[in-house]
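Note sheet for the following structure.
Note that the structure is a prediction, hence the values are computed from the model and not measured. The sequence lines fix the lettering, A, B, ..., with proteins before strands; numbering per chain opens at 1.
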There are 2 protein chains.
Amino acid sequence: MARSGISTRERIISAANALFYNDGIRGVSVDAVAEKAGVTKRTLYYHFRSKDDLVAAYLTGRDQPNLALFRQWFTKAEGGLPAKVEAIFRNLARSARHPKWKGCGFLRTSAELANMPGHPAIRIGAAHKKKFEEWLRATFEAEGIAEPLRLARQILLLLDGSFAVVLLHRDSSYMETAGEAAHALIEAALPAGKKRRGW
Amino acid sequence: MARSGISTRERIISAANALFYNDGIRGVSVDAVAEKAGVTKRTLYYHFRSKDDLVAAYLTGRDQPNLALFRQWFTKAEGGLPAKVEAIFRNLARSARHPKWKGCGFLRTSAELANMPGHPAIRIGAAHKKKFEEWLRATFEAEGIAEPLRLARQILLLLDGSFAVVLLHRDSSYMETAGEAAHALIEAALPAGKKRRGW
DNA sequence: CTATGTATACTAACCAGTGAATATACACAA
DNA sequence: TTGTGTATATTCACTGGTTAGTATACATAG
């Protein structure tokens, strides 16, 4: 167990993920993470320099899987570009109906730690959102959209807005409303030849 | 001072407002609020039953002024409906450039306390956003827009999305991008006779 | 003299981080 | 094969500080 090198650390990150996502950073003690991971606090501090370091690991661990999920939802969806982007919102709405759902871990962490501008967690969250934005931008560019970055940012704003609003109202229909807005914005930005019907 | 009845309580709420907005709920101790207000903790607990009660008072105190500001920005702006709504985003972008700006207190509180669904702070935040949504809806309805509630929610999503994104990236230009998206969505929803030019 | 309001001093729990010791496993020498 | 050193990994027990909330007493106004 010890020398496998990966198991204990991974178990701690997994425990941190469950607890931090559910209760927030300051709402979870290092002791609680250690207990959930089945190790002593001292062991946790062997693998992570500090609580902040653990928080950074928690968010880093969510980065790639999260992006992969969005890409998968987009890829698997049928229809044109607007419909494929809208599918991301619809899938997210489905996720948001699960009782354990609590919004976007990156946004919630950045909101909680907003008074610590240089905090690693905020840099990781910002990088995560930039990756998503860049993926959208490249996708739009490939479809011949005129201002792909601007449109990507508008979609991102709708997405992150729906995280916040759905978390507040516990009403996932806002996510579908955001998807419809995204659909409309993309449809309007499509080059003439690719629209469903010209006018 | 004592029997004036309002001064001490108001000073405590004012201190709570500054501290909670800046550092978050769990990041601020009751002692810190009491010290900033210039009273002892026991006095604070005379005026407020608990910390949660104080948090509720903090958010309640932000409700009306916040809404009034939005309405004022809308009313004072020149141009048609799309431009007047966009003006809200532009004014917000200006606010967001101030170094003490830290996003929307309602959203940040609801994100921090997401694991306490019935918490008064979340109910107050939800009510605040509903009021804004309803004001927008009524405004759109008065302009003859076909699905005013849907459009109001789309604008709200862009607004709250820009709170989250600008807080994360510390880049207020996202707020202007959101305003442009809002402009486009409203323009497209305007009844034929009120558009700048028909087609 | 009683309501309201304020202060001093306290509790019991919690929290991030550490000191010192111990256990395990692998490399390498005999 | 056996012994031994060393880096990795883990535990127990602790510290100093903070926290929400309270028991008690005192002041002041009507």
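- Between the side chain of R42(A) and the base of dG17(C), no donor-acceptor pair of N or O atoms lies under 3.5 Å.
- A 6.0 Å sphere centred on NZ of K36(A) holds no more than 12 heavy atoms belonging to other residues, nucleotides or ligands.
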Using the 3.5 Å cut-off, write out each protein N or O paired with an N or O of nucleotides 10-14 of chain C and the distance between them.
none

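- Of all nucleotides present, none satisfies the Watson-Crick or G-U wobble test against dT28(D) with each distance under 3.5 Å.
- A straight line from CZ of R26(A) to P of dA20(D) spans 12 Å, rounded to a whole angstrom.
- At whole-Å resolution of the value, CG in D31(B) and P in dT8(C) are 13 Å apart.
- With rounding to whole Å, I12(A) atom CD1 is found 9 Å from dT11(D) atom P.
- At the phosphate of dA7(C), OP1 or OP2 sits under 4.0 Å from a side-chain N or O atom of T43(B).
- Side-chain atoms of Q64(B) and K131(B), non-hydrogen and from C-beta on, do get closer than 4.5 Å to each other.
- Among residues two or more places apart in sequence or in another chain, the side-chain hydrogen bond (donor to acceptor under 3.5 Å, both in side chains) test is passed with H119(B) by D52(B).
- Classification of E78(B) and R90(B) as a salt-bridged pair fails, no side-chain N sitting under 4.0 Å from a carboxylate O.
- Taking for each of V28(A) and G38(B) the nucleotide of DNA chain C with the nearest heavy atom, the 5'-most of the two is the partner of G38(B).
- Ring to ring, W135(B) and F74(B) are close: their centroids are under 6.0 angstrom apart.
- Between the CG atom of L19(B) and the P atom of dA20(D) there is a distance of 12 Å, given to the nearest Å.
- Shown here, dA29(C) forms a base pair with dT2(D); the pair counts as Watson-Crick or G-U wobble because both key distances fall under 3.5 Å.
- The distance between atom CG of L44(A) and atom C1' of dA9(D), rounded to the nearest whole Å, is 13 Å.
- Both tests hold for R108(B) against Y21(B): distance to the six-membered ring centre under 6.0 Å, angle to the ring axis within 45°.
- Taking atom CD1 of residue I25(B) and atom P of nucleotide dT19(D), one finds them 14 Å apart after rounding to whole Å.
- Rounded to an integer number of Å, the gap from CG of D53(A) to P of dA16(C) is 14 Å.
- Proximity of Y46(B) to the phosphate of dT6(C): no side-chain N or O atom is located under 4.0 Å from OP1 or OP2.
- For T40(B), no side-chain nitrogen or oxygen approaches OP1 or OP2 of dT8(C) to under 4.0 Å.
- Here dT10(D) presents its C1' atom at 15 Å from CZ of F48(A), a figure rounded to the nearest Å.
- Between E141(A) and R137(A) there is a salt bridge, since a side-chain N of the basic residue sits under 4.0 Å from a carboxylate O of the acidic one.
- Distances shorter than 4.0 Å separate some side-chain N or O of T8(A) from OP1 or OP2 on dT10(D).
- Heavy atoms from other residues, nucleotides or ligands lying under 6.0 Å from CD of E35(B) number 12 at most.
- Applying the 4.0 Å criterion to OP1 and OP2 of dT8(D), one finds that H47(A) has every side-chain N and O outside that range.
- Counting non-hydrogen atoms under 4.0 angstrom, V33(A) reaches nothing in the nucleic acid.
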